[in-house]
Amino acid sequence: MGIVVQKFGGSSVADAEKLLKVCKHIIKEYNEGNNVAVVVSAQGKTTDRLISEEKEITKKPNKREHDVLVSTGEQITIAKLAMTLQELGYKAISLAGWQIPIITTSEFGNAKIKYVNTKTILDLFEEKYIVIIAGFQGIDEKLNITTFGRGGSDTTAVAVAAALKADKCEIFTDVDGVFSSDPRIVEDVKKLEKVSYDEMLELSSMGAKVLHNRCVEIGKKYNLPIIVKSTFEEQSDGTVVTDSYMEDLTISGVTKDDHIARISVMGLENKIGRTYNVFKLLADNDINVDVIVQSFGENVNKNLSFSIKTSDLEDAVKILNDHINEIGAREIRYFDNLSKISIIGVGIANKTGVAADMFEALYENNINMHMISTSEIKISVLVDREDSNKAVNAIHKKFYDKLNK
Ligand code: ASP
Ligand code: MG
């Protein structure tokens, strides 16, 4: 007899009929003799609705009250799910974050979990209860209600599973797992059987938002495999996010981010410390810089280009222009027309020719690369935004065609 933690997202619990489907998954584990804890999100678009209602009242909500408001969505779901299970003849009980409690920091809207009190849950297991837990919320040491940021119910589930030393943590959602790219862009995406924690972090930070990043970090820290699978497809094996590999895939996925801008600092004096000054200025203003290219300082001056998020562009340009004399540059240029295309895979660091394959795919499709960056598990290139879908398709095809040969 083991401990199973299951999490159901907003689309899986959207109405009474869907709650019944969810119960099937819960009851199956329970009837096999397991202790089952279930974490749920708010129903459907409830959290969005609460936030838009908040906007009718204020543009700058008090952070504490914001958390009190948005945490209510999950409280509705836990009660309804417990009642649904009770109607089916099962012993079920709902718990809000504070009732467990899940103790967090006081960063409203982005609180971090410090501690999950497992005793409450284990005592209820003793009494044969199915324990239904509100996702996305906890309580700080001063008894304020806190929330974990959008998508944070995943993090509740993995944290609860880690604390309970669960045998299994399943994240049920409306897709059948993690895919090799965005099915809206690429036709023949491949469902990944397994993906490593590090790959998953890269995949989700780049738009394939299947899991809350923080839950992947917790899974990695506690070496807890996370199974992502579909609530509605009967035969769903899903994807296991874990450390080990069955297949020797060179790459796991191709991702894109269409919100990339480039800034060029032109005519920067070729003196030690100049580049540092530029990035220090940006860092002091909380602007995150990604890919950086600096020309050789052969002449008196050099040019420095870097990419940032489109949403930071206006601020960054203003700050640089305000300090243009201080940093010793001639001109600040900018373009808001780029996308970042990345290939993700643990194999990348150890396999030769991966970058060449990626660049070949772009070359064959006449796509110009503006900047390149590489890491242990990722190669990224910046291309014109108008080419981004074509680039993702071309690269995906190149790698998966190869794999199938
Ligand atoms: N209900 C919250 C949200 O919509 C948390 C979650 O669904 O994971 O972001
Ligand atoms: Mg989610």
Side-chain angles (χ1 to χ4, degrees), residues 5-15 18-19 22 25 37-55 61 63 65-81 94-98 100 102 104 107-113 116 132-139 145-162 169-179 182-183 195 200-201 203-219 226-232 236 238-239 241 255:
V5 175
Q6 297 183 318
K7 181 259 172 180
F8 297 91
S11 53
S12 299
V13 295
D15 54 39
K18 290 190 168 147
L19 285 173
V22 161
H25 294 287
V38 182
V39 174
V40 285
S41 293
Q43 292 184 285
K45 299 257 173 267
T46 304
T47 311
D48 290 339
R49 197 197 71 227
L50 291 168
I51 291 170
S52 67
E53 286 172 7
E54 174 180 82
K55 284 194 184 128
K63 289 185 171 174
E65 304 313 327
H66 170 85
D67 278 12
V68 175
L69 178 64
V70 295
S71 65
T72 60
E74 273 69 12
Q75 188 167 330
I76 296 172
T77 320
I78 53 172
K80 286 187 178 175
L81 181 57
S94 68
L95 294 174
W98 64 268
I100 297 175
I102 294 177
T104 73
E107 294 157 83
F108 296 116
N110 194 26
K112 309 290 176 333
I113 299 174
V116 177
I132 314 291
I133 296 168
F136 170 64
Q137 57 176 272
I139 191 167
I145 289 173
T146 54
T147 66
F148 307 160
R150 298 307 307 266
S153 294
D154 296 339
T155 293
T156 304
V158 177
V160 166
C169 180
E170 294 178 313
I171 307 280
F172 287 89
T173 177
D174 49 5
V175 289
D176 186 23
V178 181
F179 288 85
D182 185 340
V195 65
M200 192 62 219
L201 286 169
L203 290 169
S204 62
S205 67
M206 289 199 236
K209 277 257 171 282
V210 193
L211 288 180
H212 198 229
N213 261 359
R214 282 165 47 197
C215 93
V216 182
E217 278 156 11
I218 297 171
I226 305 167
I227 303 155
V228 182
K229 64 203 288 197
S230 161
T231 310
F232 306 115
S236 169
T239 299
V241 186
T255 62

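Every heavy atom of this structure was used, including side-chain atoms; hydrogens, water molecules and symmetry mates were not. Counting starts at 1 for both ligands and their atoms, following the listed order.
Between Thr146 and Thr104, the side chains place a donor N or O and an acceptor N or O closer than 3.5 Å (distance only, hydrogens not considered). With 3.5 Å as the limit, one finds no donor-acceptor pair spanning the side chains of Ser230 and Asp176.
Salt-bridge annotation for Arg150 and Asp48: present, with a side-chain N of the basic residue lying under 4.0 Å from a carboxylate O of the acidic one. Taking a cutoff of 4.0 Å between a charged side-chain nitrogen and a carboxylate oxygen, Lys7 and Glu170 do not qualify as a salt bridge.
If you look at ligand 1, the protein residues with a non-hydrogen atom under 4.0 Å away are Ser41, Ala42, Thr47, Glu74, Phe136, Arg150, Gly151, Gly152, Ser153.
When the salt bridge (Lys or Arg N to Asp or Glu O under 4.0 Å) test is applied to Lys112, the partners found at least two apart in sequence or on another chain are Glu107.
Relative orientation of the His25 and Phe8 rings is tilted, given thresholds of 30° and 60° on the angle between their planes.
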